[in-house]
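Before any comments, here is the structure.
Just so we're on the same page: letters track the sequence lines, and every chain starts at 1.
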Amino acid sequence: MPLDVDAVVVSNTHLTRDYNVLALAAAAVASQTQPGQFVMVKPGGGDDPLLRRPFSVFEVLRDDARQVTGLSLLNKRVGVTTRMLFALKPGDRVRCLGPLGRPFSVTEPPERAWMVAGGVGLAPFATLAAALRERDTETTLFYGGRSANDLFHLDEFRQLGVRLELATDDGSRGEHGNVTVPLARALGDADRAAPLRVYACGPTPMMRAVTQLAAAHGRTTEVSLEQVMGCGLGGCYSCVVPVRRDGGPAHLVRSCLDGPVFDGSTVVWEQLVS
Amino acid sequence: MPLDVDAVVVSNTHLTRDYNVLALAAAAVASQTQPGQFVMVKPGGGDDPLLRRPFSVFEVLRDDARQVTGLSLLNKRVGVTTRMLFALKPGDRVRCLGPLGRPFSVTEPPERAWMVAGGVGLAPFATLAAALRERDTETTLFYGGRSANDLFHLDEFRQLGVRLELATDDGSRGEHGNVTVPLARALGDADRAAPLRVYACGPTPMMRAVTQLAAAHGRTTEVSLEQVMGCGLGGCYSCVVPVRRDGGPAHLVRSCLDGPVFDGSTVVWEQLVS
Amino acid sequence: MNVDLSVDIGGLRLRNPFIAASGCFGYGVEYADLVDLSTLGAVAVKGLFLEEREGHPPTRIVETPSGMLNAIGLQGIGVRRFVAEKLPLLRAQGAVVIVNICGSTIDEYAEVARILDDADGVGAVEVNISCPNIKKGGMMFGCSLQGTHDVVAAVRRVTRRPVVPKLTPNVTDVASFAAAARDAGADAVSLVNTFLAMAIDVETRRPKLSNVVGGLSGPAIRPIAVRMVYECRQAVDLPIIGMGGIMTAGDALEFIIAGATAVQVGTANFVDPFIWNKLLTGLTDYVQRHGLAHVSDLVGTLDTTDRTTAWTSS
Amino acid sequence: MNVDLSVDIGGLRLRNPFIAASGCFGYGVEYADLVDLSTLGAVAVKGLFLEEREGHPPTRIVETPSGMLNAIGLQGIGVRRFVAEKLPLLRAQGAVVIVNICGSTIDEYAEVARILDDADGVGAVEVNISCPNIKKGGMMFGCSLQGTHDVVAAVRRVTRRPVVPKLTPNVTDVASFAAAARDAGADAVSLVNTFLAMAIDVETRRPKLSNVVGGLSGPAIRPIAVRMVYECRQAVDLPIIGMGGIMTAGDALEFIIAGATAVQVGTANFVDPFIWNKLLTGLTDYVQRHGLAHVSDLVGTLDTTDRTTAWTSS
Ligand SMILES: Cc1cc2nc3c(=O)[nH]c(=O)nc-3n(C[C@H](O)[C@H](O)[C@H](O)COP(=O)(O)OP(=O)(O)OC[C@H]3O[C@@H](n4cnc5c(N)ncnc54)[C@H](O)[C@@H]3O)c2cc1C
Ligand SMILES: Cc1cc2nc3c(=O)[nH]c(=O)nc-3n(C[C@H](O)[C@H](O)[C@H](O)COP(=O)(O)OP(=O)(O)OC[C@H]3O[C@@H](n4cnc5c(N)ncnc54)[C@H](O)[C@@H]3O)c2cc1C
Ligand SMILES: Cc1cc2nc3c(=O)[nH]c(=O)nc-3n(C[C@H](O)[C@H](O)[C@H](O)COP(=O)(O)O)c2cc1C
Ligand SMILES: Cc1cc2nc3c(=O)[nH]c(=O)nc-3n(C[C@H](O)[C@H](O)[C@H](O)COP(=O)(O)O)c2cc1C
Ligand code: FES
Ligand code: FES
């Protein structure tokens with residue numbers, strides 16, 4: 001059951017000029033969260049900015065006794081609310097509603113998990129990696145960013161036993177170019193018979209490419225779409241994506257209820273506006 | 001010349017549940033400020049709240065070498081902006097435009113100065129007391145508040161050589177009742193021939209009463225009015241007060257330009273809405 | 001002290017004046033886990049045509065200062081599926097249901113109303129002649145006195161439920177539309193729907209909404225909406241359901257004092273889906289503090305007598 | 001790269017498109033210490049009647065979400081004192097002056113315009129048929145097509161200056177008013193004036209403004225104002241001066257791309273009296289980044305071609 005918490009900012013770690021990790025004391029939300037779910041947040045009072053904004057739960061935070069204490073968000077500055085989230089100080093408060101949305105399905109061995117992240121699309125994969133680890137699923141993260149400085153949290157993923165395949169636009173770390181380059185190679189190299197599930201989050205063209213690449217190799221992809229969302233609860237019909245299921249006609253479905261995680265093969269990518 | 005400074009909050013001292021003193025690094029504004037002048041401030045970005053709010057300059061702040069470093073505001077929580085000013089933390093920023101408005105005339109010996117303050121109406125009198133001290137003017141502060149806890153800055157006024165006459169609504173400090181009670185007595189006791197100027201700031205009925213009391217004893221009063229102000233610069237005509245000068249007809253004049261300090265005898269009190 | 005928050009809208013009794021606004025609360029069932037629907041005055045469900053509609057492609061909303069634009073384009077499941085799939089769930093939850101109906105033609109409005117008249121659990125019919133986002137129907141009717149009259153009269157003929165035309169604010173004289181609605185047999189009016197508006201992405205020089213224009217809602221419009229409710233109250237003797245930017249009980253009270261018998265809350269529900277409890281507590285507290293027995297005693301009590309000495313230059 | 005920010009409003013050349021909005025900049029002279037008036041496109045001075053007026057008693061303004069209501073009631077010194085006392089100072093400052101004129105009758109508008117026609121330094125006459133705060137004149141004319149036509153025609157007859165009627169947004173179809181203004185001989189139109197609105201103090205159950213209703217301005221109204229400029233641009237071939245909630249160069253660009261040749265900035269000037277430099281810098285930067293030579297190349301360049309695959313349910 002989603003809850004709304006007036007959460008205290010515990011810490012705000014600036015990673016680069018545009019990225020930060022914001023830790024919130026929202027234990028009641030965090031303890032219910034499944035990988036791929038999101039929260040709707042609103043920093044500051046007043047009516048401008050007015051609406052909440054959707055954010056993946058980045059980490060479920062725990063104390064030394066493994067008790068859940070809150071959650072963190074991986075935030076990228078792009079506009080007014082993300083600027084505010086970047087500037088927050090410990091002790092400030094953020095309204096945080098969640099957890100919301102359909103989570104990833106967490107696959108189990110023998111199926112392996114390949115997570116493909118572009119930029120801030122990394123956000124849902126920290127909790128997914130932790131859940132996969134619990135199931136001992138063999139996991140790889142394909143992770144692309146602009147440059148070496150824009151690749152975060154690598155040690156944490158390694159500690160979770162995640163194999164890393166990196167790519168940067170400027171070649172400063174890992175493969176030079178798009179994350180789909182190492183992915184394509186790996187898909188080609190992989191044993192066709194060995195079960196494998198692909199997860200993708202990032203820019204829409206990247207998710208589309210990943211879905212198509214994976215499909216070409218007979219793999220299904222779960223994508224986490226990032227539509228503009230007014231409410232996060234199915235109330236406003238702002239967040240729709242075109243989906244075609246069972247060969248039927250395409251329909252616009254609400255990504256806050258039916259998503260944000262979708263089977264990539266059901267998304268009608270050529271009609272997806274974002 | 002008024003300046004607009006994006007001032008850093010240096011400190012925020014909470015005096016009671018509703019009153020605080022906010023120190024701002026706005027040296028360029030402070031160094032030009034004359035007693036009774038005000039600044040237009042806006043904490044936070046965004047369009048809600050939209051307009052700036054007027055505040056008397058409470059103190060001109062100086063470092064050990066007597067260099068001006070900024071100014072402080074005495075803030076009382078009554079609505080959205082004053083709530084924000086109450087909650088600010090050091091390092092936050094406040095837009096601060098000023099100094100604005102017609103200041104008090106700072107009287108010199110042999111004329112004595114009687115300042116009459118009600119509640120947050122204390123604000124313009126700290127700088128006035130300092131200026132009077134420079135001129136060695138004998139100064140008394142008549143100061144009324146709800147209770148002993150609501151009387152601030154008393155030591156600072158004493159250090160400036162100001163004699164204090166206190167009154168509280170609940171009798172917990174000084175006279176029991178309105179500040180006009182000790183004022184009326186003192187006006188009666190004072191030597192009629194000795195020159196004396198009265199200054200008043202506080203709730204409108206109090207300023208009106210002070211003006212009339214003083215006039216009955218042949219004294220003039222400079223009042224600092226608190227109208228709602230949209231701009232503080234003469235642009236919007238929101239801040240008008242009815243004034244009658246030289247026996248002519250009454251006119252609505254802009255209190256941001258012609259005030260906030262007025263000769264109390266020119267104010268048409270029965271038409272003053274505030 | 002016990003206070004009576006109940007109000008009457010053209011024969012429909014509501015437990016309290018707070019109604020979830022159409023298009024801002026899905027079909028109500030989406031919120032059933034979060035909110036006890038039986039504690040709301042009523043739920044106004046998303047606008048329904050006769051048939052299913054996909055609505056406009058995204059981008060469908062954009063935020064503006066203290067407001068938002070929407071151009072959803074009335075995506076919906078059609079009235080028959082609503083009656084079959086959603087209405088029973090709403091009834092089971094104990095919700096009072098107001099169905100917002102749409103049409104591209106007058107006949108379509110009447111047909112939708114007729115189907116609803118046969119269904120159980122419809123408290124009232126809100127006639128949406130004010131949607132700014134669709135080409136045919138909607139505001140086309142709501143911006144013409146004749147169109148308003150004709151749609152309302154057609155719906156009136158086919159239903160026994162209270163008929164509540166929803167007025168558009170995009171007109172010169174909203175009170176004349178309230179009067180036209182009354183003359184056509186309306187039991188109440190609701191206002192305001194959204195203001196026709198637009199936002200432009202200056203970098204691409206393209207509209208931010210796929211539909212170019214959309215409807216402005218939220219706190220930004222509240223002062224205009226309150227004025228329109230006040231004008232309607234002066235002009236016609238019908239119950240008014242007021243709305244536009246209500247975020248707090250105090251905002252709702254502005255509408256009630258201006259003349260609204262009940263209020264709808266739309267955009268605020270996006271910001272805070274748990275708003276309903278706060279609204280109820282705030283209203284109850286106000287009614288008690290002011291020593292009133294019934295919230296309905298507040299309706300239209302704005303005191304405009306002049307307390308200032310009129311200003312003259314002499 | 002040097003960019004040309006100048007624009008032409010019905011024969012009046014402005015250095016740049018930024019005009020201080022009437023009623024938000026006093027008579028301009030109040031700002032002469034702070035702002036170099038010769039760097040503004042123009043200064044639109046506070047609305048002037050034939051005679052002095054005291055306006056409404058306070059409270060005259062109240063803040064609302066991302067906006068403000070005003071009911072100043074056109075306090076002013078009258079056109080003759082303006083010409084004698086203020087106009088020479090404005091000319092000395094190098095300001096381009098647009099005089100906003102008012103009247104309770106058509107004859108009064110014409111008389112004010114005639115007096116200004118004899119004066120030196122009047123760049124254009126902005127005909128205020130849209131003030132929502134006065135009983136006679138103002139919106140009374142601006143809400144009627146005939147009234148709009150008659151006032152504009154009367155002013156047109158007595159002046160050689162560009163005539164710019166200022167339209168009210170409180171109408172169903174603003175473009176028809178732009179057309180009426182054009183037919184009566186207007187050289188341009190300006191829009192929008194404020195939206196009629198109100199706010200209520202729920203504790204006292206009294207209006208917050210002494211005048212009960214007032215005009216809503218500020219960012220809250222921007223999306224509606226942009227839409228209205230866009231509609232006028234489609235309908236009439238006159239230069240448009242757009243306004244309503246402009247706070248940044250980006251906001252101004254929305255109006256320009258929607259169809260405004262110049263823009264006025266009102267409420268924002270209260271928030272930031274030093275806004276003019278920021279607007280100029282922002283606009284210059286944009287024009288350069290987009291590789292344009294003239295800001296006027298941007299006017300009305302909104303691209304509404306559909307780039308989305310139209311959504312169908314099949
Ligand atoms: C399910 C989901 C999970 C997300 N998780 C994360 C995350 O973990 N970290 C992160 O940094 N971002 C995440 N986003 C994107 C994030 O919601 C937007 O960056 C944010 O809403 C922008 O808000 P703003 O006020 O800063 O931008 P605005 O000033 O509102 O707009 C700036 C730009 O952001 C786009 N935008 C605005 N609102 C939204 C919205 N609701 N959704 C998507 N784009 C929007 C606008 O189109 C515009 O181009 C997620 C989005 C979704 C839908
Ligand atoms: C020249 C001058 C000097 C002032 N000096 C001080 C000072 O030193 N310390 C201090 O605490 N206050 C001072 N005030 C009053 C202060 O400006 C108001 O308390 C403040 O504007 C309220 O803002 P808000 O957003 O908190 O309240 P809002 O939420 O806007 O409104 C709350 C209440 O305050 C009133 N109010 C709103 N705006 C103003 C305004 N511009 N001026 C006066 N009242 C208003 C409203 O009518 C309402 O009743 C001064 C006012 C003036 C005109
Ligand atoms: C996303 C959205 C969808 C809406 N859909 C409808 C609708 O289907 N039918 C209708 O009559 N009004 C619709 N409205 C208008 C609202 O019911 C309401 O009239 C308006 O939003 C003003 O109220 P608010 O400011 O509280 O949101 C919609 C509004 C929004 C924001
Ligand atoms: C305090 C105030 C006074 C105004 N006075 C006038 C006026 O005298 N004449 C006029 O045509 N418009 C007047 N207006 C309207 C503005 O010129 C402008 O049309 C409106 O405020 C919208 O622009 P903005 O949102 O940038 O303020 C006034 C607006 C305000 C806020
Ligand atoms: S965000 Fe409102 S329906 Fe999905
Ligand atoms: S506050 Fe705007 S004129 Fe005085």
Side-chain angles (χ1 to χ4, degrees), chain C residues 52-58 62 64-67 69 143 170-173 195-200 202-207 210 212-214 216 218-227 230 245 247 250 253-254 256-258 286 290 298 301-313, chain D residues 52-58 62 64-67 69 143 170-173 195-200 202-207 210 212-214 216 218-227 230 245 247 250 253-254 256-258 286 290 298 301-313:
Chain C
E52 293 190 31
R53 285 168 65 97
E54 289 289 344
H56 299 311
V62 49
T64 64
S66 295
L69 304 183
C143 284
N170 298 293
V171 294
T172 311
D173 179 17
F195 287 77
L196 192 63
M198 73 192 289
I200 295 170
V202 300
E203 290 303 326
T204 61
R205 282 176 235 159
R206 293 184 49 77
S210 73
V212 184
V213 294
L216 180 64
I221 67 169
R222 189 169 61 233
I224 316 179
V226 171
R227 182 264 297 177
Y230 179 66
M247 306 294 286
L253 281 159
E254 282 200 64
I256 293 169
I257 293 166
Y286 179 94
H290 287 257
L298 280 168
T301 55
L302 184 70
D303 173 7
T304 55
T305 55
D306 198 354
R307 299 233 179 96
T308 63
T309 321
W311 180 256
T312 52
S313 357
Chain D
E52 295 190 29
R53 284 168 66 98
E54 290 289 344
H56 299 310
V62 50
T64 64
S66 296
L69 305 183
C143 284
N170 298 293
V171 295
T172 311
D173 179 16
F195 288 77
L196 193 63
M198 73 191 289
I200 295 172
V202 300
E203 289 304 324
T204 62
R205 283 177 234 160
R206 292 184 49 76
S210 73
V212 183
V213 294
L216 180 64
I221 66 170
R222 188 169 64 233
I224 316 179
V226 171
R227 183 265 296 177
Y230 178 67
M247 305 296 284
L253 280 159
E254 281 200 65
I256 292 170
I257 293 166
Y286 179 95
H290 287 255
L298 280 168
T301 56
L302 185 71
D303 173 7
T304 55
T305 55
D306 197 353
R307 298 233 181 95
T308 63
T309 320
W311 180 257
T312 52
S313 359

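In terms of heavy atoms, D:Pro65 sits closest to C:Ser66 at C-OG, 3.6 Å. Shown here for C:Thr301 and D:Arg205, the closest heavy-atom pair between the two residues is OG1-CD, 3.4 Å. Nearest heavy-atom pair, C:Leu216 versus D:Ala220, reported as atom, atom and distance to 0.1 Å: CD2-O, 3.7 Å.
Counting heavy-atom pairs closer than 4.5 Å to chain D, the top residue among C:Leu69, C:Ile257, C:Leu253 is C:Ile257.
Under the 4.5 Å side-chain criterion, counting only non-hydrogen atoms from C-beta, D:Arg227 is in contact with C:Asn170. Contact check for D:Met198 versus C:Leu302: side-chain heavy atoms found under the 4.5 Å cut-off.
At a 4.5 Å heavy-atom cutoff, the contact between C:Val202 and chain D is made by backbone and side-chain atoms alike. Both the backbone and the side chain of C:Val226 come within less than 4.5 Å of a heavy atom in chain D. Contact of C:Leu196 with chain D is made through backbone and side chain together, with heavy-atom distances under 4.5 Å. Heavy atoms of D:Leu298 lying under 4.5 Å from chain C belong exclusively to its side chain. At a 4.5 Å heavy-atom cutoff, the contact between C:Ala258 and chain D is made by backbone and side-chain atoms alike. Contacts between D:Ile224 and chain C at a heavy-atom distance below 4.5 Å involve backbone atoms as well as side-chain atoms.
Looking at residues two or more places apart in sequence or on another chain, you find no side-chain hydrogen bond (donor to acceptor under 3.5 Å, both in side chains) involving C:Thr64. Residues passing the side-chain hydrogen bond (donor to acceptor under 3.5 Å, both in side chains) test with D:Thr172 are C:Thr172, sequence neighbours excluded.
To the nearest 0.5 Å, the span separating CD1 on C:Ile200 from CZ on D:Arg222 amounts to 11.0 Å.
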